[in-house]
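Inspection log for the structure reproduced underneath, given as structure tokens.
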Amino acid sequence: MMTRTTPERPLDLGELFPGVDAFARTATRLHPRPGDPDVGRSHVGGTLLWPADEPWPVCAGPHAVRQETPIAPDLVARMQAGDWAAMQQLAREVPGFAGTMTTDQGSVAIGSVTVSEPTPSPMVAVAQLHAVDVADLRCPDDADLLQVLWCPNQHRNGDYAGPAVQLRWRTASGVTNVLPAPPPPTVAGDYLPRPCVLHPEQVIEYPWWQELPAELGQRIRRWDDSRQLGEETYFSVSQAPGWKVGGYANWEVSDLRPMDCPTCRQRMDLLLTISSSESDAGSWLPVEESHLQPSWAGPEWRAVNEPTGITVGRRGSLRIFACFKCPATPYRLDLQ
């Protein structure tokens with residue numbers, strides 16, 4: 001199996017910002033790539049090491065189902081003329097309005113309606129991670145295996161809008177009678193991962209500037225603001241993109257959101273990041289794939305940059321935070 005190697009970082013952050021090395025932390029880049037994963041190995045989107053006598057989790061919703069509503073020609077003309085009131089009218093009239101798009105049949109408004117299913121739909125296997133394969137995977141004391149499942153449909157819960165996630169912690173050696181195949185979802189949404197094998201690699205990360213002591217964080221922020229377009233920044237080299245375990249979260253969209261445990265109110269750890277893309281040809285592109293040129297139409301590039309076929313949010317990342325101090329390992333989700 002080919003390894004994946006992150007290039008040497010183009011900036012020495014410890015030298016540029018004395019004191020920041022004290023906050024360095026390891027993360028494991030998973031480097032998923034399309035393949036045929038073995039049920040007993042770590043993978044994305046493959047068959048889980050699931051006990052045959054254990055019920056498979058299901059989801060009854062409610063689901064936020066995407067709808068496309070044709071836009072009347074006169075309203076399209078007003079929008080094309082820059083009439084902002086036309087867009088405001090759509091926002092009032094279309095439930096769950098999220099924008100517009102042009103199709104072969106004309107312009108449509110994108111919205112969503114909330115639907116409860118008559119029969120709960122089986123959830124989908126997202127990832128299986130063995131602690132022996134993934135150096136930064138923390139597990140509860142009685143486990144060495146993490147399994148991630150979700151409902152592949154949109155769910156809304158406060159500020160969160162994405163798939164409903166469930167975690168299963170296991171001792172891998174305790175699963176002897178394995179379920180041959182999971183039941184397929186009866187309500188299949190947009191979040192259906194492509195089966196991928198993994199190429200774990202441990203890297204060093206540094207915190208988002210707002211998680212550092214105030215003086216150091218402000219110094220980093222000012223330095224980044226002084227950089228020219230195209231130059232590497234603390235932001236661009238301090239945290240790995242793509243699917244990863246451990247490390248630090250990026251808070252570019254929302255600014256820092258303290259992810260505290262709902263039970264003990266202590267800060268939770270970043271467990272897993274599920275990302276829409278791997279590197280976008282930046283300085284994190286693995287050495288072994290550095291010969292590839294970005295091409296949205298090229299299957300080889302797509303297999304490297306969007307291997308799992310999953311897009312979360314607006315090409316963002318879903319982060320799972322967990323508390324290992326509390327029983328049952330509570331967890332929280334953040335998508336941005």
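Counting non-hydrogen atoms of other residues, nucleotides and ligands closer than 6.0 Å to CD of Glu300 gives a total of 12 or fewer. Crowding of Asp74 atom CG: a count of heavy atoms from other residues, nucleotides or ligands under 6.0 Å exceeding 12. Counting non-hydrogen atoms of other residues, nucleotides and ligands closer than 6.0 Å to CD of Glu215 gives a total above 12. Counted within 6.0 Å of CH2 on Trp296, heavy atoms from surrounding residues, nucleotides or ligands total more than 12; the atom is thus considered enclosed.
For the pair Ala125 and Gly46, the tightest heavy-atom approach, listed with the atom from each and the gap, is CB-O, 3.6 Å. Residues Thr102 and Ser107 approach most closely at OG1-OG, 3.9 Å, considering heavy atoms.
In terms of modelled atom types and a separation under 3.5 Å, the side chain of Trp243 and the main chain of Glu278 share no donor-acceptor contact. At least one donor-acceptor pair under 3.5 Å links the side chain of Ser275 to the backbone N or O of Ser277. Within the 3.5 Å criterion, the main-chain N or O of Gly316 finds a donor-acceptor partner in the side chain of Ser276. The main-chain N or O of Ala172 is found under 3.5 Å from a side-chain atom of Asp144 such that the two form a donor-acceptor pair. Within the 3.5 Å criterion, the main-chain N or O of Pro180 finds no donor-acceptor partner in the side chain of Thr47. Remark: side-chain polar atoms of Glu231 are paired, donor with acceptor, to backbone N or O of Gln228 under 3.5 angstrom. Judged purely by atom type and a 3.5 angstrom limit, Ser238 uses its side chain to pair as donor or acceptor with the backbone of Tyr234.
Ring pair Phe321/Trp251 is parallel by interplanar angle, where below 30° counts as parallel and above 60° as perpendicular.
Donor-acceptor pairing under 3.5 Å is lacking for the side chains of Gln154 and Asp190. A side-chain donor from one of Thr5 and Glu288 sits under 3.5 Å from a side-chain acceptor of the other. Of the N and O atoms on the side chains of Thr3 and Glu201, not one donor lies less than 3.5 Å from an acceptor on the other residue.
Applying the salt bridge (charged side-chain N to carboxylate O under 4.0 Å, His left out) test to every pair with at least one member in residues 254-276, sequence neighbours left out, gives these pairs: Arg138-Asp269, Arg257-Asp334, Asp260-Arg267.
Taking the six-membered ring wherever Trp is involved, the centroid distance between the rings of Tyr191 and Trp150 falls below 6.0 Å.
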Given Lys325 and Cys261, is the side-chain contact (heavy atoms from CB on, under 4.5 Å) satisfied, shown in steps? CA-CA 9 Å; Lys325 305 179 187 71; Cys261 173; over 6 Å; no

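Salt-bridge annotation for Asp225 and Arg221: present, with a side-chain N of the basic residue lying under 4.0 Å from a carboxylate O of the acidic one. Between Arg170 and Glu54, at least one side-chain N (NZ, or NE/NH1/NH2) sits under 4.0 Å from a carboxylate O, which counts as a salt bridge.
Judged by the 6.0 Å distance and 45° axis criteria, Arg78 is not positioned over the aromatic ring of Trp84. Annotation: cation-pi geometry satisfied between Arg25 and Tyr248 (NZ/CZ under 6.0 angstrom from ring centroid, within 45° of ring axis).
Remark: Asp224 pairs with no residue by the salt bridge (Lys or Arg N to Asp or Glu O under 4.0 Å) rule, at least two apart or across chains. Every salt bridge (Lys or Arg N to Asp or Glu O under 4.0 Å) that Arg315 has, sequence neighbours left out, goes to Asp280, Glu306.
Residues Cys151 and Met123 form a side-chain contact, since some pair of their non-hydrogen atoms from C-beta on lies under 4.5 Å apart.
Separation of atoms OG1 (Thr103) and CD (Glu68) is listed at 7.0 Å; rounding is to 0.5 Å. Rounded to the nearest 0.5 Å, atoms SG (Cys326) and CE (Met268) are 8.0 Å apart. The distance from atom CZ of Arg4 to atom CD of Glu289, rounded to the nearest 0.5 Å, is 4.0 Å.
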